[in-house]
Amino acid sequence: MLQLNYIREHEQEVIERLAIKRFDGTEIIGQIIMLDDRRRETQKQLDDIQAKSNTIAKEIGLLFQSGKTEEANRKKEETSELKNQARELNTRLEQTKNELDELLVKVPNLPHATVPAGKGAEDNFVVSAWGEPVKDREGLLPHWDLITKYDIIDFQTGIKISGSGFPVYKRKGARLQRALVNFFLDEALKAGYDEVQPPYVVNAASAYATGQLPDKDAQMYHAGLDDLYLIPTAEVPVTNIYRDMILKIQDLPYKNVAYSACFRREAGSWGKEVRGLNRLHQFDKVEIVQITHPDRSYQALEEMVEYVAGLLKKLQLPYRILKLCGGDMSFTSALTYDFEVWSAGQGRWLEVSSVSNFENFQSNRMKLRFKDDAGKIHLAHTLNGSALALPRIVASLLENNQSPEGIRIPAALVPYTGFERIGQ
RNA sequence: GGAGAGAUGGCAGAGCGGUCGAUUGCGGCGGUCUUGAAAACCGUUGUCCCGUUACCGGGACCGGGGGUUCGAAUCCCUCUCUCUCCGCCA
């Protein structure tokens, strides 16, 4: 969430920047400042009363010790009124804090100054592109036909076991999954990321810290008996490693990579656009996360974008990089680049990665800070990116590399798959 | 799942109703000594909120929440977690 002090000191600027994200902050920002004023005022009054009570309590203690019981008892009576006042103020303070918090968590992150205005996906800005998308679809099959043809991914059996969106990967399909995961992890290690294996279920505090709660709870599977959420991305558990921590400045940046299965309910987003591997309830992803100094986060973002681009080049998949417009950005992000690969059999671009800088929006929620050389404490910046999500990579690999002789595996992946071709 | 014990500052570990934000040790930082280092000695060492923002002042925090009391790290209730034993088990 945004920092209160920043909101107070830059009220107009905050409202203007939120408008880029198509969020009308005129009313809520005013309310937040008003509630914070009330919070401060109440806090001040409460502190004063506590100070008085503390003084009297100490005096009573001394009186008892010196045997002046009568005087002590007289003093006791003085405190009862103070106690009532304190109780009242405390209740008001708690209420005010809760109201303030409820509003604060509804305000999205401010977009970076370079984020273009825009309504939705159609207004995203194409930053760069690489490779030659095959536009002639003559004789090319979409991946949902290819997986049946070669019997490598089985949606029907997945439906029997779990439901739609939970495919069973078989034979070379299963081995391709494992190969991609290992390839992505090894590449990240080479690029200096530390590998971690996080839990796949998280508590509410973790989901709240990265911004999945309170807004997007309908997108997560929830294990009600234990009140745990299945992770929609490894971003959640990996970033939460650093929750409530004060890091040493010289240890920054922290760079982690994690493979995990990801679970998404995708409530209300099913349709023909999302056939086959285009959208699943369970999928595999390798995620990179960085915790950086505020002065270095945009440099880190560029580095992460370069890194993801390198992966796609090694896989020889034509891609383009989009800078998301305000209207298409996520709630928590300050700047996001999306990667899309060309899918020849469907004749369209598929989003395979999203790389974002959250600045201190997540850090502020999760109290992720660092101490500088002077001993001062500041919020760190958090970033993450998919590197990469498997299903659409697989879709694109299958569709782009199909031939009468089968599906050709890109050279960089062959050491991991142990085969060069799917099919004959 | 059953029985018992516990949760205190970066770590270890005292305190069990009143100068306790907390003894002490280790670690960290600064200094004396030394050609340099080690050792020794001296000093310093948490976070958050509010006011002043040079200095400083007030408040809160001893796992979370609630209660008793003039006053709680200390007593009571409750939740969570950890450890030991038993059970179950990859």
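Sequence lines set the chain letters: A, B, ... in the order given, protein chains first and strands last, and positions in each chain run from 1. This is a predicted model, so every value here is computed, not measured.
- When Watson-Crick and G-U wobble pairs are counted only if both distances are under 3.5 Å, B:rG43 pairs with B:rC29.
- Looking at which nucleotide of RNA chain B each of A:R87 and A:I246 is closest to, the 5′-most match is held by A:I246.
- When RNA chain B is scanned 5' to 3' for any atom under 4.0 Å from a heavy atom of chain A, the first and last hits are B:rG18 to B:rG71.
- If you check B:rG21 for Watson-Crick or wobble pairing at under 3.5 angstrom, you find it has no partner at all.
- In this model, no donor atom of one side chain and acceptor atom of the other lie less than 3.5 Å apart for A:Y298 and A:H381.
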Using atom types as modelled, flag every donor-acceptor pair under 3.5 Å from a side chain in residues 40-47 of chain A to any protein atom, sequence neighbours excluded.
| unit_1 | atom_1 | unit_2 | atom_2 | d |
| --- | --- | --- | --- | --- |
| A:R40 | NE | A:D36 | OD2 | 3.2 |
| A:R40 | NH2 | A:N5 | OD1 | 3.3 |
| A:E41 | OE2 | A:Q45 | NE2 | 2.9 |
| A:T42 | OG1 | A:R38 | O | 2.6 |
| A:Q43 | NE2 | A:D47 | OD1 | 3.2 |

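- Across all strands shown, A:L82 has no heavy atoms under 4.0 Å from either base or sugar-phosphate atoms.
- Backbone-only engagement by A:K44 is indicated by non-hydrogen atom pairs under 4.0 Å involving sugar-phosphate atoms exclusively.
- The main-chain N or O of A:I246 is never found under 3.5 Å from a side-chain atom of A:R369 such that the two would form a donor-acceptor pair.
- A residue-by-residue look at A:K52 and A:K83 shows that A:K52 has its nearest nucleotide of RNA chain B further toward the 5' end.
- For residues 362-372 of chain A, proximity to RNA chain B is found at A:R369, A:K371, defined as any non-hydrogen atom under 4.0 angstrom from a strand atom.
- Under the 4.0 Å criterion applied to side-chain N and carboxylate O atoms, A:D284 and A:R178 are not assigned as salt-bridge partners.
- Applying the Watson-Crick and G-U wobble criteria (two distances, each under 3.5 Å), B:rG6 pairs with B:rC81.
- Across all strands shown, B:rG87 forms no Watson-Crick or G-U wobble pair with both key distances under 3.5 Å.
- Looking at heavy-atom distances under 4.0 Å, A:N73 makes no contact with the nucleic acid at all.
- For A:E88, the CD atom is loosely surrounded, since the number of other residues' heavy atoms within 6.0 Å does not exceed 12.
- Geometrically, A:K172 engages A:F419 in a cation-pi contact, judged by NZ or CZ lying under 6.0 Å from the ring centre and within 45° of the ring axis.
- Environment of CD in A:E9: crowded, with over 12 heavy atoms of neighbouring residues, nucleotides or ligands closer than 6.0 Å.
- Using a 3.5 Å distance cut-off with no hydrogens or angles, the side chains of A:E13 and A:Y6 do pair a donor with an acceptor.
- Here A:I56 lies out of heavy-atom contact (under 4.0 Å) with every strand.
- Using a 30° and 60° split on the angle between ring planes, A:Y319 and A:F339 fall in the tilted class, from 30° to 60°.
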